[in-house]
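Working notes, structure below.
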Amino acid sequence: MPELPEVENARSVIARAALDREVVDVDDHDTWVCRPHPPGEIRAALVGRRLTVAHRRGKSMWCETSGDGPVLGIHLGMSGKIVVADPDGTEVDGGDYWERGRAPGDFRYSRFALTFADGGRLMLVDPRRLGRIRLDPPIELLGPDATEITPAQFRAMLGRGTAPVKARLLDQHAIAGIGNLLADDILWRARMHPGKPVDDLSADEVAALLRATRYAIRTSVAGGGVHTLEIVRMRGPDARCPRDGTPMSHGTYGGRSTWFCPLDQRL
DNA sequence: TATAGTGTTATCGG
DNA sequence: ACCGATAACACTAT
């Protein structure tokens, strides 16, 4: 589910509904999601504090806490979602993608939760448990956020080597926020083959790639998620290129499932 | 029952 | 040590 647009939405949910509320309890019992912290460590660090600001870079979020407290790092992984609920369990914000059909208050896949003084809760709902909660996360390891990257940074990010361009777009240390679906849409818009070695990119191709990146991110953030991207809706066995009707090719690039138009995305 | 999957990272080989 | 490829992680939906 989550790429940059979904994570930005989750950040705004936190900013809108979870800031400046006193934390009275923390559920950090899931030692996989909360690794490397032992149970109770995050709880001890947060009880009595408030979240004061919610930040995002790429797909990573972090919240500052009151009283010189630690930074709370939040990553949604593949299936994570932020849900804020009222004391009675009614969902206030965050959507219900993974929880269709459940009764109010039945957050079966809640893997981490803050309880506020009024009984309301902020939860990481994550069926696959690939999301992550940690204190003082190493955000500095991430590349520039994909919404803010400059042409010079973009050029430097592409770097050299024989890596396929799609693999580089997915490298969060190079540029932060592009996931598998955004990458396919960007490459389709730039008419570039996902397996093209970054060594072979001309200056014009780099410029076209940056334009496509900005366009895809802008439209998918505005649309509310990567699902609104034209090429993403085309995925599947009968997918055809929206430009020319050619059956889409399917393969693996950068270790991920990849759909592309064999006619106009050339090496 | 078998398989794919929107993310990250440890590990392996060159 | 650097770079790139792959497996593994945990679990659900189809």
Side-chain angles (χ1 to χ4, degrees), chain A residues 1-10 29-36 56-62 73-82 95-102 106-112 124-134 137-139 141-143 146 157-188 194-200 216-217 219-221 223-239 250-260:
Chain A
M1 240 279 270
E3 299 192 24
L4 190 152
E6 287 79 11
V7 178
E8 175 53 28
N9 185 60
H29 77 276
D30 190 319
T31 54
W32 175 253
V33 169
C34 295
R35 70 192 183 283
R56 179 194 61 75
R57 178 148 151 201
K59 306 171 198 169
S60 293
M61 294 182 281
W62 66 98
I74 303 173
H75 199 290
L76 301 178
M78 291 262 267
S79 61
K81 192 164 193 51
I82 293 296
D96 64 354
Y97 184 80
W98 286 106
E99 296 286 323
R100 282 170 298 188
R102 65 168 162 59
D106 173 19
F107 295 103
R108 199 176 332 173
Y109 302 123
S110 175
R111 309 301 189 185
F112 174 84
L124 172 66
V125 175
D126 181 13
R128 288 176 66 179
R129 298 172 70 214
L130 293 172
R132 185 125 185 229
I133 299 286
R134 60 176 306 181
I139 294 132
L141 295 181
L142 293 170
M157 170 281 282
L158 283 173
R160 294 154 190 274
T162 56
V165 60
K166 179 168 178 178
R168 191 59 48 84
L169 289 175
L170 293 174
D171 182 351
Q172 304 301 302
H173 305 293
I175 178 172
I178 298 174
N180 194 35
L181 300 180
L182 261 172
D184 275 7
D185 194 80
I186 290 166
L187 291 164
W188 175 74
K196 182 150 187 153
V198 291
D199 257 349
D200 294 352
I217 290 179
T219 57
S220 59
V221 170
V226 290
H227 281 285
T228 60
L229 292 169
E230 194 168 8
I231 205 67
V232 171
R233 306 200 318 258
M234 302 296 298
R235 290 183 148 235
D238 299 320
H250 184 242
T252 299
Y253 293 90
R256 312 300 296 183
S257 174
T258 302
W259 295 85
F260 63 102

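Protein chains get the first letters and strands the later ones, always in sequence-line order, with residue 1 at the start of each. On a predicted model such as this, the values are computed, not experimentally measured, just so you know.
Using a 4.0 Å heavy-atom distance criterion, A/Gly255 is classed as making no nucleic acid contact. Residue contacts for A/Arg160: at a heavy-atom cut-off of 4.0 Å it reaches the sugar-phosphate backbone alone, with no base atom in range.
To the nearest whole angstrom, the two P atoms, one in B/dT6 and one in C/dG4, are 22 Å apart. Taking the C1' atom of each, C/dC9 and B/dT1 are spaced 22 Å apart, rounded to whole Å.
Put simply, CG on A/Leu124 is 14 Å from C1' on C/dA10, counting in whole angstrom units. If you measure from atom CZ of A/Arg168 to atom C1' of C/dC2, you get 12 Å, rounded to the nearest angstrom. Going from atom CZ of A/Arg111 over to atom C1' of C/dC11 covers 8 Å, rounded to whole Å. Rounded to whole Å, the distance from CH2 on A/Trp32 to C1' on C/dA10 is 8 Å. The separation between A/Arg256 atom CZ and B/dG5 atom C1' is 7 Å, rounded to whole Å. Between A/Met78 atom CE and C/dT12 atom P there is a gap of 14 Å when expressed in whole angstrom units. Atom pair A/Leu76:CG and B/dT8:P shows a separation of 10 Å (rounding to whole Å applied). Rounding to whole angstrom units, CG of residue A/Leu158 and P of C/dG4 are separated by 12 Å.
Here the side chain of A/Arg128 is nearest to one of C/dC9, B/dT6, B/dG5, namely B/dG5. Comparing B/dG5, B/dT6, B/dT9 against the side chain of A/His227 picks out B/dT6 as the nearest. Nearest to the side-chain atoms of A/Arg129 among the listed nucleotides B/dG5, C/dA5, C/dA10 stands C/dA10. Nearest nucleotide to the A/Pro127 side chain, out of B/dG7, B/dT9, C/dT12: C/dT12. Among the nucleotides B/dT8, B/dT6, C/dA5, the one closest to the side chain of A/Gln172 is B/dT8. Listed candidates were B/dT9, B/dT6, B/dG7. Nearest to the side chain of A/Arg132 is B/dT9.
Side-chain atoms of A/Glu8 never come within 3.5 Å of backbone atoms of A/Val221 as a donor-acceptor pair (strictly under, hydrogens ignored). Of the possible donor and acceptor atoms, one in the side chain of A/Arg57 sits under 3.5 Å from a partner among the backbone N and O of A/Gly143.
Among all heavy-atom pairs drawn from A/Gly225 and A/Glu6, the shortest one is CA-OE2, 3.2 Å.
When each of A/Arg111, A/His75, A/Arg132 is tested with A/Asp126 by the rule side chain to side chain contact (heavy atoms under 4.5 Å, CB included), just one qualifies, namely A/Arg111. Looking at A/Leu76, A/Leu182, A/Leu229 one by one, the single match for side chain to side chain contact (heavy atoms under 4.5 Å, CB included) with A/Glu3 turns out to be A/Leu182.
Listed pair A/His75 / B/dT8 meets the phosphate criterion, a side-chain N or O lying under 4.0 Å from OP1 or OP2. Between A/Tyr109 and C/dT12, a side-chain N or O to OP1/OP2 separation shorter than 4.0 Å is present.
Between A/Tyr253 and A/Phe260, the ring-plane angle classifies as perpendicular under the 30° and 60° cut-offs.
Considering OG1 of A/Thr258 and CG of A/Leu187, their distance stands at 8.5 Å, rounded to 0.5 Å.
For DNA chain B, each stem of at least three Watson-Crick or G-U pairs (distances under 3.5 Å) is given as range with range: B:2-5 with C:11-14, B:7-14 with C:2-9.
Sorted by first then second residue, the side chain to side chain donor-acceptor pair (under 3.5 Å) pairs that include residues 173-186 of chain A, not counting sequence neighbours, are A/Lys166-A/Asn180, A/Lys166-A/Asp184, A/Asp184-A/Arg235, A/Asp185-A/Arg189.
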